[in-house]
Chemist: 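Structure in structure tokens, see below.
Counting convention: from 1, in listed order, for ligands and their atoms alike. All figures in this text were calculated on a predicted structure; none of them were measured in a lab.
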Amino acid sequence: MKRTRIIGIVSVKGGVGKTSITSNLGAVLAKNFGKKVLLVDANFSAPNLAMHLGVVQPEVTIHHVLDGKHHIFTAVHDFEDSFHFIPASLYYPKRVSYDSFKSKLKHFSGKYDYILIDASPSQEISATLDAADALLVVLSPDFPTVSTSVSTVRLIEKSKKQLLGLVLNRVQKKSFELKRKEIEDTLGYSVLATLPEDQRMFHSLAAMRPYTLLYPQRKLTEKYIALAQHVTGETLPKVRSRWWPF
Ligand SMILES: Nc1ncnc2c1ncn2[C@@H]1O[C@H](COP(=O)(O)OP(=O)(O)OP(=O)(O)O)[C@@H](O)[C@H]1O
Ligand SMILES: [Mg+2]
């Protein structure tokens with residue numbers, strides 16, 4: 001039986017890249033590391049994980065599960081025979097409590113190597129903090145995001161869950177950006193990965209496929225592989241070719 005590790009991808013700041021990181025880290029863990037992976041949308045009021053993965057109107061979602069209408073196994077969707085995901089409803093006719101989220105995920109114990117939870121930036125983040133074994137904090141290198149991340153870090157510390165580290169997203173290497181060291185000193189945790197800004201992310205959104213699958217040789221994919229190495233503790237041989245033209 002597998003030891004399932006549940007990792008929450010969190011930030012109390014919206015729009016910093018939680019969903020992008022959930023889908024791309026998941027894709028890399030499955031494709032490059034051969035892991036069995038489930039992604040779960042826990043952004044209950046403004047979900048969009050499914051849209052990153054080609055599903056616009058899922059029939060059975062985490063909302064139906066939390067509402068007691070369906071078993072969680074029936075909400076599992078397959079992405080290209082590579083990994084699984086559980087979407088959330090963009091619109092659900094009634095408010096559902098997420099108190100049972102953690103216990104619902106327990107049904108998957110031993111079935112996956114990794115469950116990645118795409119958290120909400122709102123107070124719904126508590127469902128992710130409750131269900132996860134460990135957390136990755138996503139942020140970008142600007143002052144408002146880093147200062148908001150102090151609250152994210154404090155919330156995690158209060159939850160007594162393990163904070164694996166920081167994922168610095170949309171880095172442009174511009175002089176106005178906060179430096180990695182300044183961010184680490186402010187928050188007291190290490191940056192595990194520095195993910196560059198790449199406009200091709202918008203092509204990936206339009207194609208509804210993770211960037212790392214569309215652009216397997218790009219720098220951003222290389223960085224996602226490095227992040228997956230941190231998460232798994234496993235190393236892969238370097239595969240990027242110098243001469244690759246794309
Ligand atoms: N490295 C990147 N380079 C360029 N654009 C990016 C990068 N990462 C994410 N984005 C873009 O930033 C936007 C927000 O990303 P995403 O939806 O993943 O954030 P989020 O934290 O999940 O947002 P929310 O808090 O609303 O759930 C998207 O348009 C995405 O394509
Ligand atoms: Mg999101």
Side-chain angles (χ1 to χ4, degrees), residues 7-28 39-56 58 61-63 79 85-91 98 101 116-129 131-132 135-142 144-149 151-153 155-156 166-174 177-178 180 183 191-228:
I7 299 177
I9 318 292
V10 299
S11 76
V12 295
K13 181 96 163 60
V16 287
K18 296 176 291 297
T19 306
S20 309
I21 290 168
T22 304
S23 61
N24 282 290
L25 178 60
V28 163
L39 313 181
V40 185
D41 199 337
N43 191 345
F44 307 113
S45 51
N48 53 28
L49 178 67
M51 270 183 273
H52 284 238
L53 301 171
V55 176
V56 180
T61 71
I62 193 70
H63 283 85
F79 185 84
F85 66 100
I86 297 183
S89 296
L90 273 171
Y91 168 76
Y98 45 84
F101 183 63
L116 304 184
I117 307 177
D118 179 15
S120 162
S122 74
Q123 61 202 20
E124 293 171 358
I125 192 178
S126 62
T128 298
L129 295 179
L135 290 311
L136 285 171
V137 173
V138 182
L139 69 166
S140 47
D142 56 273
T145 305
V146 173
S147 46
T148 314
S149 301
S151 326
T152 316
V153 165
L155 265 180
I156 297 170
L166 314 172
V167 180
L168 202 49
N169 191 29
R170 307 197 72 162
V171 174
Q172 302 178 63
K173 290 194 173 161
K174 292 279 196 319
E177 291 179 341
L178 292 173
R180 175 190 181 132
I183 295 170
V191 170
L192 301 183
T194 301
L195 307 176
E197 170 81 18
D198 187 334
Q199 294 300 302
R200 293 177 199 87
M201 282 297 293
F202 294 101
H203 291 289
S204 145
L205 266 186
M208 295 182 163
R209 281 192 92 215
Y211 175 105
T212 50
L213 300 180
L214 284 177
Y215 306 104
Q217 307 294 332
R218 285 282 176 188
K219 186 82 193 164
L220 180 52
T221 299
E222 203 178 283
K223 295 286 186 174
Y224 267 113
I225 291 173
L227 175 60

Chemist: Mark yes or no for whether S204, through its side chain, and R209, through its backbone, hold a donor-acceptor pair below 3.5 Å.
Modeler: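 Yes, because the side chain of S204 sits within donor-acceptor range (under 3.5 Å) of the backbone of R209.
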Chemist: When you measure from the side chain of S89 to the backbone N and O of T61, does any donor-acceptor pair fall under 3.5 Å?
Modeler: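 No.
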Chemist: Can you say whether the rings of F44 and Y98 are parallel (under 30°), tilted (30 to 60°) or perpendicular (over 60°)?
Modeler: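 Parallel: the ring planes of F44 and Y98 meet at under 30°.
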Chemist: For V171, does its backbone N or O pair with a side-chain atom of E177 as donor and acceptor, under 3.5 Å?
Modeler: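 No: the side chain of E177 does not pair with the backbone of V171.
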Chemist: Looking only at atom types and distance, does a side-chain atom of S140 sit under 3.5 Å from a main-chain N or O of D142, one as donor and one as acceptor?
Modeler: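 No; zero donor-acceptor contacts below 3.5 Å.
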Chemist: Please confirm whether the backbone N or O of V12 pairs with a side-chain atom of T152, one donor and one acceptor, at under 3.5 Å?
Modeler: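 Yes, T152 side chain to V12 backbone: donor-acceptor pair under 3.5 Å.
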Chemist: Taking side-chain contact (heavy atoms from CB on, under 4.5 Å) as the criterion, tell me which of V167, V137, T128, V138 meets it with I9.
Modeler: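 Answer to the side-chain contact (heavy atoms from CB on, under 4.5 Å) test with I9 among V167, V137, T128, V138: V138.
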Chemist: Tell me, which residues have any heavy atom less than 4.0 Å from some atom of ligand 1?
Modeler: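 Near ligand 1, by chain and number: G14, G15, V16, G17, K18, T19, S20, N43, P121, N169, R170, P196, E197, D198, M201, F202, L205.
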Chemist: Backbone N or O of K18 within a donor-acceptor pair of the T22 side chain at under 3.5 Å?
Modeler: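 Yes, because the side chain of T22 sits within donor-acceptor range (under 3.5 Å) of the backbone of K18.
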Chemist: Would a distance-only check, ignoring hydrogens and angles, find a side-chain to backbone donor-acceptor pair under 3.5 Å from R180 to V191?
Modeler: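 Checking the backbone N and O of V191 against the side chain of R180, a donor-acceptor pair under 3.5 Å is found.
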Chemist: For the Mg ion (ligand 2), which protein N/O/S atoms are closer than 2.8 Å?
Modeler: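 Sorted hits: T19 OG1.
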